[in-house]
Amino acid sequence: MLQATDRRFGAVTVLVGEKTGKYPDGNSLLVRGRDATALLDPSLSVHRRAADLGAVDLVVQTHVHEDHVAGLSRFPHARVAAHRADCLGLRDAAGLLTMYGYGDGAAADALRAWIVEQFHYAPRPDVEPFDDGAVFELGGTRVRAIHLPGHTRGHSALLVEPEGVLFLGDIDLTGFGPYYGDAWSNLADFERSLARVRDIPARVWVSFHHAGVIEDRATFDAKLARFAGRIAEREAALLDYLGEPRTLAELVARRFLYPPHAEMAFVDAAERRTIAQHLERLVESGRVVESTSDTWRRA
């Protein structure tokens with residue numbers, strides 16, 4: 001049963017989440033082919049309305065993060081596929097914590113409880129790995145995986161053909177900008193992926209969060225440019241703050257990713273990984289020097 005907010009594009013139905021997929025919710029895709037039905041990135045909303053969606057034969061993940069698999073447990077008999085670099089996050093909770101950058105200890109235990117209680121995480125050791133260019137044939141329509149790493153090592157866009165609907169995953173076009181603060185994230189990879197996604201032929205673009213459905217190329221290009229531009233803005237702010245020598249602890253406390261009032265348990269770790277990647281390339285380019293151990297300043 002469709003809802004008033006859902007959008008249809010041929011064989012594709014965009015299952016629009018609350019507040020256009022604002023975190024912790026998201027926008028999922030249901031693709032009904034002649035021979036099979038695929039669900040892409042089952043969200044918290046999908047978990048709530050799973051019984052109304054009918055039979056699902058295949059679940060395909062753009063990547064493996066808690067909010068993107070929140071509805072997966074409602075489809076235990078469907079095949080599930082993820083890029084091979086992210087499969088460990090579905091095989092068990094320890095693998096997902098590894099992707100985030102957590103091992104053992106109290107913080108890992110709290111995070112494990114959070115993904116289970118808030119996002120219904122359930123392991124899928126049967127996950128099938130795919131690679132760049134993989135095609136899932138559904139009969140008259142297909143889903144093509146395009147590897148766009150950076151957010152995670154396996155992050156991929158999913159292009160539904162022939163409808164030309166491109167599911168962007170967490171290239172989500174938000175004002176927050178690209179997130180590359182986990183152990184499985186990489187800033188340079190994300191920048192290459194942002195350049196590559198511009199060239200993927202599509203008629204409709206769907207982000208998992210916030211931006212939702214975009215049907216105009218000029219609007220997509222503008223939102224993508226603004227999203228990508230957040231990287232340079234963070235780097236400029238970091239350079240400005242390094243007018244005086246700063247330790248990594250001072251940089252983390254300053255907040256270049258999250259707003260100052262953000263107090264979630266993972267924020268400091270995400271800030272640390274984000275800042276460290278910027279520092280590394282600023283040092284390599286000669287714009288920043290490490291003046292003493294664990295202290296940096298603008299050159």
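Predicted model only: the values in this text are computed from it and were never measured. Starting from 1, each residue takes its place in the sequence as its number.
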Legend entry - Ring geometry between Phe130 and His83 (parallel below 30°, tilted from 30 to 60°, perpendicular above 60°): perpendicular

Legend entry - Check: Arg153 main-chain N/O paired with His147 side-chain donor or acceptor under 3.5 Å: yes

Inset, instruction - Please examine the side chains of Val288 and Leu239, heavy atoms only from C-beta on, and report whether any two atoms are closer than 4.5 Å. - result: yes

Legend entry - Atom of Ala78, atom of Val56 and distance for their closest heavy-atom approach: CB-O, 3.4 Å

Inset, instruction - Decide whether Phe208 and Leu39 are clustered together by the hydrophobic rule: side chain heavy atoms of Ile, Leu, Val, Met, Phe, Trp, Tyr closer than 4.5 Å, transitively. - result: no

Inset, instruction - Provide the full list of salt bridge (charged side-chain N to carboxylate O under 4.0 Å, His left out) pairs with a residue in residues 92-111, sequence neighbours left out, each pair given once. - result: Asp109-Arg112

Inset, instruction - To the nearest 0.5 angstrom, please state how far the CG atom of Leu97 sits from the CG atom of Leu111. - result: 5.0 Å

Inset, instruction - May I ask you to test the Phe119-Pro24 pair for a side-chain heavy-atom distance under 4.5 Å? - result: yes

Legend entry - Presence of salt bridge, Glu284 and Arg281, under 4.0 angstrom: no

Inset, instruction - Using distance alone, with no hydrogens and no angle criterion, decide if Asp41 and Ser28 have a side-chain donor and acceptor under 3.5 Å apart. - result: no

Inset, instruction - Using a strict 4.0 Å threshold on nitrogen-to-oxygen distance, state whether Arg84 and Asp131 make a salt bridge. - result: yes

Inset, instruction - Please examine the side chains of Arg144 and Arg142, heavy atoms only from C-beta on, and report whether any two atoms are closer than 4.5 Å. - result: yes

Inset, instruction - Answer yes if the side chains of Thr247 and Asp294 hold a donor-acceptor pair under 3.5 Å, and no otherwise. - result: no

Legend entry - Residues Arg287 and Glu235 bridged, charged N to O under 4.0 Å: yes

Inset, instruction - Could you tell me the separation between the CD1 atom of Ile146 and the CG atom of Asp199, rounded to the nearest 0.5 Å? - result: 11.0 Å

Legend entry - Basic-acidic side-chain contact under 4.0 Å: Asp132, Arg196: yes

Inset, instruction - Decide, yes or no, whether a salt bridge links Arg272 with Asp268 under the criterion of side-chain N to carboxylate O below 4.0 Å. - result: no

Inset, instruction - Assess the side chains of Tyr23 and Glu66: does a donor N or O sit below 3.5 Å from an acceptor N or O? - result: yes

Inset, instruction - Determine, step by step, whether His151 and Asp172 satisfy the side chain to side chain donor-acceptor pair (under 3.5 Å) criterion, reporting the C-alpha distance in whole Å, the side-chain angles of both residues, the deciding distance to 0.1 Å, and the verdict. - result: CA-CA 11 Å; His151 183 64; Asp172 54 20; over 6 Å; no

Inset, instruction - Could you tell me whether the side chain of Val252 reaches within less than 4.5 Å of the side chain of Ile275, counting heavy atoms only? - result: yes

Inset, instruction - Check the angle between the aromatic planes of Trp205 and Phe220 and answer parallel, tilted or perpendicular using the 30° and 60° thresholds. - result: parallel

Inset, instruction - Using the ring of Phe256 (Phe, Tyr or Trp, six-membered ring only), decide whether Arg254 places NZ or CZ under 6.0 Å from its centre and within 45 degrees of its axis. - result: yes

Legend entry - Test item: side-chain donor near acceptor, Asp6 and Thr13, under 3.5 Å: no

Legend entry - Centroid separation Phe190 to Tyr179 less than 6.0 Å: no

Legend entry - Distance-only side-chain donor-acceptor flag, Thr219 / Asp216, under 3.5 Å: yes

Legend entry - Interatomic distance, Leu90 atom CG to Gln61 atom CD [nearest 0.5 angstrom]: 6.0 Å

Legend entry - Side-chain ion pair, Glu215 and Arg7, N-O less than 4.0 Å: yes

Legend entry - Leu88 side chain reached by Trp184 side chain, heavy atoms, under 4.5 Å: yes

Legend entry - Salt-bridge present (Glu18, Arg48; N to O < 4.0 Å): yes

Inset, instruction - Give the intermediate values and the outcome of ring-ring contact (aromatic ring centres under 6.0 Å, His included) for residues Phe176 and Phe227. - result: CA-CA 8 Å; Phe176 180 87; Phe227 179 75; 9.0 Å; no

Inset, instruction - Give the C-alpha distance, both sets of side-chain angles, the deciding distance and a yes or no for side-chain contact (heavy atoms from CB on, under 4.5 Å) between Asn27 and Leu15. - result: CA-CA 6 Å; Asn27 306 307; Leu15 306 173; over 6 Å; no

Legend entry - Check: Trp296 side chain, Leu251 main-chain N or O, donor-acceptor pair, under 3.5 Å: no

Inset, instruction - On the 0 to 90° scale, with breaks at 30° and 60°, tag the His155-His63 ring pair as parallel, tilted or perpendicular. - result: tilted

